[in-house]
Amino acid sequence: MNVISWSASVPSSNEYVRLTKHIKGIPSFRVQGDTENGCTFEAFVSFEPSANSYEVQHLSINRGSERSPINGSSLRDIRIAEMIQHVLWGTANAQGGGWLITSDGQFAGDERNNIQQGRDAGMKFRPDERILELVANIYELGVITGKKPTKLVANDFGIPDRTASHWVKLARERGHLEI
């Protein structure tokens with residue numbers, strides 16, 4: 001499956017929906033792509049509060065120029081969960097914009113970039129309240145995007161997995177993280 005493009009009208013800050021305690025995101029987006037057998041598809045994805053996740057609300061499939069049959073094989077080529085994860089992870093890494101905003105009002109990609117720049121400059125992080133708030137942001141970002149959240153914390157801060165696990169535990173104990 002190749003995701004060709006995704007798009008959304010980026011809402012004003014008051015139109016974002018709360019996804020978790022620390023992360024707000026766009027209410028919906030559209031994805032277009034093609035399958036290996038030549039079919040094209042378009043999906044309309046929106047945040048479903050009852051499931052606490054993004055879900056496909058509408059999916060259309062076109063046989064494409066090769067007139068490939070629409071059958072079980074072509075339907076299996078459209079891996080919905082991977083598609084949503086791909087789009088969300090792409091926007092989570094976007095700098096200067098994006099569809100996911102953290103609790104301090106920054107775009108998720110900008111916040112992650114700031115942490116990584118500090119790490120690259122030799123900054124040593126200690127689990128104070130500000131850092132634990134960032135840990136909660138990154139952890140919840142991992143949950144939303146389908147990445148391993150503790151591993152994401154470890155990678156972003158440049159710390160061992162065990163230390164990241166401890167920081168996540170501290171963030172929970174001090175009320176920064178509820179999931």
Side-chain angles (χ1 to χ4, degrees), residues 1-116 134 136-153 155-156 177-179:
M1 172 187 70
N2 292 321
V3 174
I4 296 172
S5 67
W6 59 85
S7 65
S9 54
V10 178
S12 64
S13 60
N14 62 345
E15 293 175 320
Y16 280 80
V17 295
R18 180 146 315 274
L19 307 177
T20 65
K21 179 180 177 183
H22 294 95
I23 306 291
K24 290 196 272 182
I26 61 169
S28 60
F29 57 92
R30 186 174 56 90
V31 181
Q32 294 176 311
D34 61 3
T35 64
E36 293 174 5
N37 71 354
C39 292
T40 61
F41 66 88
E42 181 176 36
F44 180 76
V45 181
S46 65
F47 185 72
E48 183 58 48
S50 63
N52 201 32
S53 65
Y54 284 97
E55 295 182 353
V56 172
Q57 301 300 318
H58 175 77
L59 176 66
S60 63
I61 303 169
N62 186 318
R63 291 171 56 172
S65 60
E66 298 173 22
R67 308 299 291 162
S68 301
I70 296 174
N71 54 28
S73 176
S74 58
L75 292 175
R76 283 188 294 279
D77 279 349
I78 305 173
R79 296 183 293 276
I80 300 296
E82 285 179 33
M83 176 183 64
I84 293 172
Q85 181 183 4
H86 175 80
V87 171
L88 291 174
W89 186 242
T91 191
N93 289 307
Q95 295 176 25
W99 298 346
L100 300 173
I101 296 178
T102 60
S103 60
D104 55 5
Q106 289 193 59
F107 291 108
D110 291 341
E111 184 165 272
R112 295 183 68 234
N113 186 53
N114 292 342
I115 292 167
Q116 290 168 1
L134 291 173
N137 287 348
I138 293 167
Y139 186 92
E140 290 180 3
L141 188 64
V143 170
I144 290 167
T145 60
K147 299 290 183 181
K148 295 179 179 177
T150 303
K151 187 72 170 168
L152 191 59
V153 169
N155 290 343
D156 278 9
L177 185 59
E178 297 175 356
I179 57 174

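- The CG atom of Asp156 lies 11.0 Å from the CG atom of Asn114; values are rounded to the nearest 0.5 Å.
- Looking at heavy atoms from C-beta onward, Leu100 lies in side-chain contact with Leu19 at the 4.5 angstrom threshold.
- Contact annotation: the side chain of Ile101 approaches that of Phe107 to within less than 4.5 Å [non-hydrogen atoms, C-beta and beyond].
- Contact detail for Val143 and Ile179: the closest heavy-atom pair is CG2-CD1, 3.8 Å.
- Contact annotation: the side chain of Ile84 approaches that of Val45 to within less than 4.5 Å [non-hydrogen atoms, C-beta and beyond].
- For the pair Leu152 and Tyr139, the minimum side-chain heavy-atom distance is 4.5 Å or more.
- Residue pairs that meet the salt bridge (Lys or Arg N to Asp or Glu O under 4.0 Å) test with at least one member in residues 48-58, sequence neighbours left out, do not exist here.
- Using a 4.5 Å heavy-atom threshold, the side chains of Leu141 and Arg112 count as touching.
- The distance from atom CG of Leu177 to atom CD of Glu140, rounded to the nearest 0.5 Å, is 5.5 Å.
- Residues His22 and Ala136 come closest through the heavy atom pair CE1-CB, 3.4 Å.
- Atom CG in Asn155 sits 11.0 Å away from atom NZ in Lys148 (nearest 0.5 Å).
- Between Glu42 and Arg30, at least one side-chain N (NZ, or NE/NH1/NH2) sits under 4.0 Å from a carboxylate O, which counts as a salt bridge.
- Proximity of Ile138 to Ile115: side-chain heavy atoms (C-beta onward) are separated by under 4.5 Å at one or more points.
- Two rings, from Phe44 and Phe29, have their centers 6.0 Å or more apart.
- Taking CZ from Phe47 and OG from Ser53, the interatomic distance works out to 6.5 Å, rounded to the nearest 0.5 Å.
- Looking at heavy atoms from C-beta onward, Ile70 lies in side-chain contact with Arg63 at the 4.5 angstrom threshold.
- Every pair tested for ring pair (Phe, Tyr, Trp, His ring centres under 6.0 Å) that includes a residue from residues 60-83 fails, sequence neighbours excluded, so the list is empty.
- Other residues, nucleotides and ligands contribute more than 12 heavy atoms inside 6.0 Å of the NZ atom of Lys21.
- The CD atom of Glu111 lies 3.5 Å from the OG1 atom of Thr102; values are rounded to the nearest 0.5 Å.
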What do the steps show when you test Ile26 against Tyr16 for side-chain contact (heavy atoms from CB on, under 4.5 Å), and what is the final call? CA-CA 5 Å; Ile26 61 169; Tyr16 280 80; 3.8 Å; yes
